[in-house]
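Written out below as structure tokens is the structure these notes cover.
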Amino acid sequence: ATWRQTPPGYGFRVSLLGQSATTEDLVFRDNLVLNDTVITFDAIQFDENALIGNPYTAPIDWELAILDQTNVDNTVYIWDPSILNYRTYEAGTGGNLSARYIQLGQSFFIDATGNVSSFTFDLDHRVPNTQPYLKDGGFPYLLNLFTEGGNGSSGEVYIRFKEGEDVTPSYDRNHDGPYKTSEQVNFATELYTVSSDNVNLAVDARPMLVGDDVSVPLHFKPIQDDTYRIVADEESMASFPESISIMLEDTFEPQQDWVDLRMEGYYEFEAEQYDPRDRFIVHFYDLEFGIDDGAIDPIRIYSDRTDAFIINDSEQLIKEIQVYDVMGNLITRKATVNTARTRLFVSDEVGYYIVKVITDKAVYSEKVLITK
């Protein structure tokens with residue numbers, strides 16, 4: 001046996017190097033820390049990280065702890081060996097509560113926003129509950145999606161809609177939590193969203209839903225050929241008003257109707273290890289937007305980057321979809337569309353286009369902006 005003396009607040013990463021021992025053979029003995037404590041470590045710079053630990057015999061609340069730090073990012077990560085991935089929490093936005101309430105003795109990663117070489121622990125950061133926090137909660141408009149299947153590892157992601165003019169679809173370290181690649185990336189399923197400026201996120205904050213249809217790219221990496229599920233946490237869906245529709249699109253199945261996650265709760269699918277990751281899109285829209293002034297249409301048309309989306313919440317049969325440029329030239333057409341949710345490529349040229357939907361009872365048209 002070996003031993004090592006170390007000051008409070010240091011984090012440990014343990015590797016057994018193929019030995020038959022378990023982490024239960026690692027024993028910590030320490031005096032109780034009963035005062036405010038500042039731990040120091042080798043200085044880290046912008047976007048570097050440090051592993052530290054909770055020195056108290058009670059959990060600490062990250063929402064409180066981050067307020068007393070300088071040059072420390074709002075995002076905190078803890079390693080969960082049961083899923084071979086990190087749990088992530090973003091102060092002010094949300095995430096996994098097992099990362100927000102850091103348990104006694106638990107190590108966690110912090111990221112630097114500048115030069116930092118210390119972390120302040122205050123007795124006021126402590127909270128009384130010592131049970132693991134494995135569910136999300138505490139914030140409105142916060143959706144938690146996670147995976148099942150494969151080798152038992154799991155990925156999870158959080159999508160949050162927030163008030164504030166500074167909340168955008170692009171990455172902002174004040175609101176978004178970047179995705180941290182697993183320590184065992186070759187053995188772990190992955191799930192993350194992608195911001196409009198192509199940053200992979202575990203906690204993705206978007207501008208508040210005000211009737212606009214919002215599409216969030218969802219990337220998935222299977223660890224082996226298998227049957228998988230993407231599951232929507234029921235409690236997190238309850239944080240949205242009932243009028244908000246939450247749909248999952250599988251772009252590998254273009255003729256398949258989108259999955260209503262509020263209705264089904266999960267989507268089951270087959271995946272192979274080397275499939276492209278950009279397979280899914282999560283769609284949010286308000287079914288009641290515009291209903292007070294009579295502006296709502298049974299056929300809804302909107303765009304996301306290069307594509308148009310047509311949502312048919314009526315009993316009308318779509319006979320044809322036509323796309324025109326602003327000069328009136330026909331760009332593309334699609335006949336006899338029998339799905340409630342339809343994706344249609346418009347163009348990879350930025351600009352406005354007219355999408356016309358012809359049903360057996362009426363004609364609907366909308367000008368949409370196509371971007372890259």
Between [X] and [Y], is there a donor-acceptor pair closer than 3.5 Å when you use the side chain of the first and the backbone of the second?
X    : Y    : answer
D304 : A308 : no
Q69  : A65  : yes
H175 : D172 : no
E253 : D250 : no
D325 : G328 : yes
S239 : L142 : yes
K221 : V185 : yes
S303 : D307 : no
T147 : G155 : yes
N96  : T88  : no

Mind listing the closest non-hydrogen atom pair of [X] and [Y] along with its distance?
X    : Y    : value
D278 : T251 : O-OG1, 3.7 Å
R305 : S196 : NH2-CA, 3.8 Å
L191 : L145 : CD2-O, 3.7 Å
S118 : F41  : N-CZ, 3.5 Å
T93  : A205 : CG2-CB, 4.1 Å
S170 : D197 : CA-OD1, 3.4 Å

To the nearest 0.5 Å, what is the distance between [atom1] ([X]) and [atom2] ([Y])?
X    : Y    : atom1 : atom2 : value
R126 : I102 : CZ    : CD1   : 15.0 Å
S314 : K361 : OG    : NZ    : 8.0 Å
H283 : L248 : NE2   : CG    : 8.0 Å
D176 : T75  : CG    : OG1   : 8.0 Å

Please tell me whether [X] and [Y] are part of a single hydrophobic cluster in this structure, the criterion being side-chain heavy atoms less than 4.5 Å apart.
X    : Y    : answer
F139 : V127 : yes
L64  : L97  : no
F269 : V231 : no
I358 : I354 : no
V199 : L218 : no

Residues, nucleotides or ligands: over 12 heavy atoms within 6.0 Å of [X] [atom1]:
X    : atom1 : value
F345 : CZ    : yes
F187 : CZ    : no
K356 : NZ    : no

For this session: Name the orientation class of the two ring planes belonging to W62 and F119 (parallel below 30°, tilted from 30 to 60°, perpendicular beyond 60°).
Result: parallel

Problem set entry | Parallel, tilted or perpendicular: ring planes of F240 versus Y141, cut at 30 and 60 degrees | perpendicular

Without hydrogens or angle criteria, can the side chains of [X] and [Y] be said to hold a donor-acceptor pair below 3.5 Å?
X    : Y    : value
T189 : S153 : yes
T359 : K319 : no
Y266 : E268 : no
D204 : T193 : yes

Problem set entry | side chain to side chain contact (heavy atoms under 4.5 Å, CB included) between K334 and T342, intermediate numbers included | CA-CA 10 Å; K334 184 174 184 179; T342 303; 4.2 Å; yes

Is the shortest heavy-atom distance from the side chain of [X] to the side chain of [Y] under 4.5 Å?
X    : Y    : value
I78  : Y86  : no
L261 : V259 : yes
Q316 : P298 : yes
P207 : P169 : yes
L123 : Y56  : yes
F109 : K180 : yes
L209 : I244 : yes
V194 : N200 : yes

Problem set entry | Test side chain to side chain donor-acceptor pair (under 3.5 Å) applied to T332 - qualifying residues, sequence neighbours left out | none

Exercise. Of the options D68, D61, T120, which is the one that meets H125 in a side chain to side chain donor-acceptor pair (under 3.5 Å)?
Worked result: D68

I'd like to know if [X] and [Y] make a salt bridge, using a cut-off of under 4.0 Å between side-chain N and carboxylate O.
X    : Y    : answer
R277 : D275 : no
R173 : D47  : yes
E249 : R341 : no
E320 : R333 : yes

Problem set entry | Cation over ring face, R206 and F161, 6.0 Å, 45° | no

Exercise. Can the positive tip of R279 be found less than 6.0 Å from the middle of the six-membered ring of F220, inside 45° of the ring normal?
Worked result: no

For this session: Take Y228 and E270 through the side-chain hydrogen bond (donor to acceptor under 3.5 Å, both in side chains) test and state the conclusion after the steps.
Result: CA-CA 6 Å; Y228 292 85; E270 301 294 325; over 6 Å; no

What about [X] and [Y], are their ring centers closer than 6.0 Å?
X    : Y    : value
Y89  : Y158 : no
Y179 : Y192 : yes
Y302 : Y285 : no
W258 : Y267 : no

Problem set entry | Residue pair I39, T37: steps toward the side chain to side chain contact (heavy atoms under 4.5 Å, CB included) verdict | CA-CA 6 Å; I39 66 163; T37 300; 4.1 Å; yes

For this session: Share the residues that join I310 in a hydrophobic cluster, the rule being Ile, Leu, Val, Met, Phe, Trp or Tyr side chains under 4.5 Å apart at the heavy-atom level.
Result: I299, I301, I318, I321, V323, I331, V337, L344, V346, Y353, V355, V357, Y364, V368, I370

Problem set entry | side chain to side chain contact (heavy atoms under 4.5 Å, CB included) assessment of L201 paired with V157 | CA-CA 8 Å; L201 300 175; V157 71; 6.0 Å; no

Exercise. Side chain to side chain contact (heavy atoms under 4.5 Å, CB included) between Q224 and N151: does it pass, once the steps are laid out?
Worked result: CA-CA 7 Å; Q224 61 189 35; N151 62 350; 3.9 Å; yes

